Student: 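Quick one: structure below, then a few questions.
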Amino acid sequence: MSMISRRTFVSSAAAIGATAGAIALAGCSGGSSSGSASASSASASASVETASQSQSGSASSQPATDLSKSVVVFFSRAGENYDVGVIDEGNTSIVAHSIAGKVVSDVFEIVPEEEYPFGYDDCYARAKSEQNSNARPAISDTFDSFDDYDTVYLGYPIWHSDLPMIMLTFIESKDWTGKKVMPFCTHGDSGLCGTDQHIKSLCKGADVKEGLAIKGSDAQAFGMDVDKAINTWLAKVRS
Ligand SMILES: Cc1cc2nc3c(=O)[nH]c(=O)nc-3n(C[C@H](O)[C@H](O)[C@H](O)COP(=O)(O)O)c2cc1C
């Protein structure tokens, strides 16, 4: 599988070995998946990575035709994860930066105030507890310039067959009226799990497009199949 160059170096997680696959992932039904190819960025003023920063070294294989101001907002976690071992950059972050390079958009990373555990099992347990208690984990930066953007590419990992609760913290803190929202996720094997529909119900007044789902291990390997899945999805949701 040929490799696509991208902005951030990612260590060879596969070589380290997947130690985190022991816990079965929750399945789900009803999730549509348009792309089944199955860095920490920033910090208030430094939190938004501008388009020129996200462009450097990325593969911009698709010309930007969308003249609206767009931003890629994502949550992702490095460390030990399902099916990929220990990774330096989260799976969703890789897809987020690829999208940002292709559509020439700014990037905002949702960074939790309290970092999630490095270990998969510990993170799995905390995420489950947050879901059970309907928590809204705090985000370290409020992204005050959010209103300047009219197109939002919204990325996240599937956690327990749904959005990580911190995505709800972010979504509920913003006014989505009139925005175009393009959801994308990475996952262990479950696809979108209906999260694009969940986002539709949360982002009141937004035009929420069909979601993209990329398997996390595929995002880490980032071959031609993933690149193509992203391009195909972008062509569809931007038309
Ligand atoms: C807490 C937790 C819960 C997860 N739950 C699911 C799940 O229900 N279904 C699934 O397919 N993958 C699940 N996964 C796997 C992640 O969705 C997958 O590894 C994803 O690519 C991680 O993205 P990230 O590296 O950007 O955080 C889970 C992973 C974690 C850490």
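In this text, all values refer to a predicted model and were calculated from it rather than measured experimentally. Order of appearance sets the numbers: ligands from 1, and atoms from 1 within every ligand.
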Student: Counting only N and O atoms by type, is there a donor-acceptor contact under 3.5 Å from the side chain of Glu89 to the main-chain atoms of Arg77?
Tutor: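 Side chain of Glu89 to backbone of Arg77, a donor-acceptor pair under 3.5 Å: no, none is there.
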Student: Report the C-alpha distance between Phe146 and Phe170 in whole Å, list the side-chain angles of each, state the deciding distance to 0.1 Å, and finish with yes or no for ring-ring contact (aromatic ring centres under 6.0 Å, His included).
Tutor: CA-CA 11 Å; Phe146 178 76; Phe170 181 82; 5.7 Å; yes
Student: Check whether the side chains of Tyr156 and Thr195 place a donor and an acceptor atom closer than 3.5 Å, and report yes or no.
Tutor: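 The answer is yes; a qualifying pair exists.
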Student: Can a salt bridge be assigned to the pair Arg126 and Glu115 using a cut-off of 4.0 Å between side-chain N and carboxylate O?
Tutor: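 A salt bridge is absent here (no side-chain N lies under 4.0 Å from a carboxylate O).
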Student: Answer yes or no: does an N/O atom from Trp159 fall short of 3.5 Å to an N/O atom of ligand 1?
Tutor: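 Looking only at distances, the answer is no, because the N/O contact criterion of under 3.5 Å is not met.
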Student: Between Lys179 (side chain only) and Tyr149 (backbone N and O only), is there a donor and an acceptor less than 3.5 Å apart?
Tutor: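 Here the side-chain-to-backbone pair exists.
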Student: With backbone taken as N, CA, C and O and side chain as the heavy atoms from C-beta onward, which portion of Asp189 lies under 4.0 Å from ligand 1: side chain, backbone, both, or neither?
Tutor: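 It is the backbone that touches ligand 1; the side chain stays farther off.
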Student: So is there a nitrogen or oxygen of Tyr120 less than 3.5 Å from a nitrogen or oxygen in ligand 1?
Tutor: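 Tyr120 vs ligand 1: no N/O contact under 3.5 Å.
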Student: Within the structure, does Gly188 bring an N/O atom to less than 3.5 angstrom of an N/O atom in ligand 1?
Tutor: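 Gly188 vs ligand 1: N/O contact under 3.5 Å present.
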Student: Which atoms of ligand 1 have any heavy atom of Gly216 under 4.0 Å away?
Tutor: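 Answer for ligand 1: 21 (O).
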Student: Counting only heavy atoms not in Glu172 (residues, nucleotides, ligands), do more than 12 fall under 6.0 Å from its CD?
Tutor: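 Check passes, neighbour count above 12.
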Student: If you count the atoms of ligand 1 from 1 in the order shown, which ones are under 4.0 Å from a heavy atom of Gly90?
Tutor: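 Going through ligand 1 atom by atom, the ones under 4.0 Å from Gly90 are 25 (O), 26 (O).
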Student: Are the ring centres of Tyr124 and Tyr116 closer than 6.0 Å?
Tutor: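 Between Tyr124 and Tyr116, the centre distance exceeds or equals 6.0 Å.
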Student: Counting both backbone and side chain atoms, is some N or O of Ser190 under 3.5 Å from an N or O of ligand 1?
Tutor: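 Yes, at least one N or O pair falls under 3.5 Å.
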Student: Which ligand 1 atoms are under 4.0 Å away from a heavy-atom of Ser161?
Tutor: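 Near Ser161, the atoms of ligand 1 are 7 (C), 8 (O).
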Student: Would one find an N or O of Ile158, backbone or side chain, under 3.5 Å from an N or O of ligand 1?
Tutor: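 Between Ile158 and ligand 1 (N or O atoms, distance only) the closest approach is under 3.5 Å.
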Student: For ligand 1, which atoms sit closer than 4.0 Å to a heavy atom of His160?
Tutor: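 Under 4.0 Å from His160, ligand 1 has these atoms: 3 (C), 4 (C), 5 (N), 6 (C), 7 (C), 8 (O).
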Student: Between Lys180 and Asp150, is the closest basic N to carboxylate O distance under 4.0 Å?
Tutor: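 Result for this pair is no, no salt bridge flagged.
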Student: For ligand 1, which atoms, with element, lie under 4.0 Å from some heavy atom of Thr92?
Tutor: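 The atoms of ligand 1 under 4.0 Å from a heavy atom of Thr92 are 23 (O), 24 (P), 26 (O).
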Student: Near Ala127, which atoms of ligand 1 are under 4.0 Å from a heavy atom of that residue?
Tutor: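 Close to Ala127: 1 (C).
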Student: Quick one: look at Ser76 and ligand 1, take heavy-atom pairs under 4.0 Å, and tell me if it's side chain, backbone, both or neither.
Tutor: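 Both backbone and side chain.
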Student: Counting only heavy atoms not in Lys228, do more than 12 fall under 6.0 Å of its NZ?
Tutor: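 Open: at most 12 neighbouring heavy atoms sit under 6.0 Å from NZ of Lys228.
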Student: Can you sort out which atoms of ligand 1 are near Asn91, meaning under 4.0 Å from one of its heavy atoms?
Tutor: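 So the answer, numbered in order with elements, is 19 (O), 20 (C), 21 (O), 22 (C), 23 (O), 24 (P), 25 (O), 26 (O).
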